[in-house]
Amino acid sequence: QVQLVESGGGLVQAGASLRLSCAASGRTLLSYGMGWYRQAPGKEREFVAAISHNGGNTRYADSVKGRFTISRDNAKNTLYLQMNSLKPEDTAVYHCAAARVFTAATVPSQFAYWGQGTQVTVSS
């Protein structure tokens, strides 16, 4: 069992930056591909970014490509999401997730464990 706890969300103005963290406990994350998803009120859950188990491969949604960077520190059992040039449409609850595979998974069914999420609000 893996427990995931996100932190780092908050209220910022458009153009600002935030860094989200996802701390894992229970098992080492070394065997898991990891990802970030987000869900805005009234909208479906949306893939944001994913990273392979060793950090060697990453994937991004088109809407965040060039602005967000996913990374991981397996020694600290922690996943990160650096978000730059934030836009109001980035407002959502951001969840981290651990996949059943080593690769940078992008499909929700590939993820076995989910965090509770952290709120990110971007004002215009």
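When reading the values below, keep in mind they use all heavy atoms of this one structure, side chains included, and skip hydrogens, waters and symmetry mates.
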> Can you check whether Y113 reaches Y32 side chain to side chain, under 4.5 Å on heavy atoms?
Replying inline: yes
>> Less than 4.5 Å apart, side chain to side chain, heavy atoms only: is that true for L81 and T69?
In response: no
> Could you state the interatomic distance from CG (L18) to CD (Q82), rounded to the nearest 0.5 Å?
Replying inline: 8.5 Å
>> As an exercise, state the distance from CZ of F68 to OG1 of T58, rounded to the nearest 0.5 Å.
In response: 14.0 Å
What donor-acceptor contacts under 3.5 angstrom involve side-chain atoms of residues 116-124, with partners at least two apart or in another chain?
residue, atom, partner, partner atom, Å
T118, OG1, G9, N, 3.2
Q119, NE2, A92, O, 3.4
Q119, NE2, T121, OG1, 3.3
S123, OG, V12, O, 3.4

>> Nearest 0.5 angstrom please: I70 CD1 to C96 SG, how far?
In response: 9.5 Å
> For S17 and N84, does a side-chain donor sit closer than 3.5 Å to a side-chain acceptor?
Replying inline: yes
> With a 4.5 Å limit on heavy-atom distance, are the side chains of M34 and L4 in contact?
Replying inline: yes
>> Any carboxylate oxygen within less than 4.0 angstrom of a Lys/Arg side-chain nitrogen, looking at D62 and K65?
In response: yes
> Taking only residues at least two apart or on different chains, which pairs with a member in residues 94-108 satisfy side-chain hydrogen bond (donor to acceptor under 3.5 Å, both in side chains)?
Replying inline: R38-Y94
> Are any of the side-chain heavy atoms of S52 and F102 separated by less than 4.5 Å?
Replying inline: no
> With side chains defined as the heavy atoms from C-beta onward, is the minimum distance between E89 and S63 less than 4.5 Å?
Replying inline: no
>> Under the rule for ring-ring contact (aromatic ring centres under 6.0 Å, His included), what residues qualify as partners of F111, not counting sequence neighbours?
In response: Y37, W114
>> Once rounded to the nearest 0.5 Å, what's the spacing between atom CD of E46 and atom CH2 of W36?
In response: 14.5 Å
> How about T28 and N74: do any of their side-chain heavy atoms sit closer than 4.5 Å?
Replying inline: no
>> To the closest 0.5 Å, what do you measure between CG (D73) and CG (L79)?
In response: 10.5 Å
> Is there a side-chain contact between P108 and R45 (heavy atoms, below 4.5 Å)?
Replying inline: yes
>> Quick check against the 3.5 Å criterion: does R72 have a side-chain atom that pairs as donor or acceptor with the backbone of L29?
In response: yes
>> Does R59 have more than 12 heavy atoms from other residues, nucleotides or ligands lying within 6.0 Å of its CZ?
In response: no
>> What I'd like to find out is whether the side chain of L20 reaches to under 4.5 Å of the side chain of Y80, using heavy atoms alone.
In response: no
> About how many Å separate CZ of R67 and CG of D90, when rounded to the nearest 0.5 Å?
Replying inline: 4.0 Å
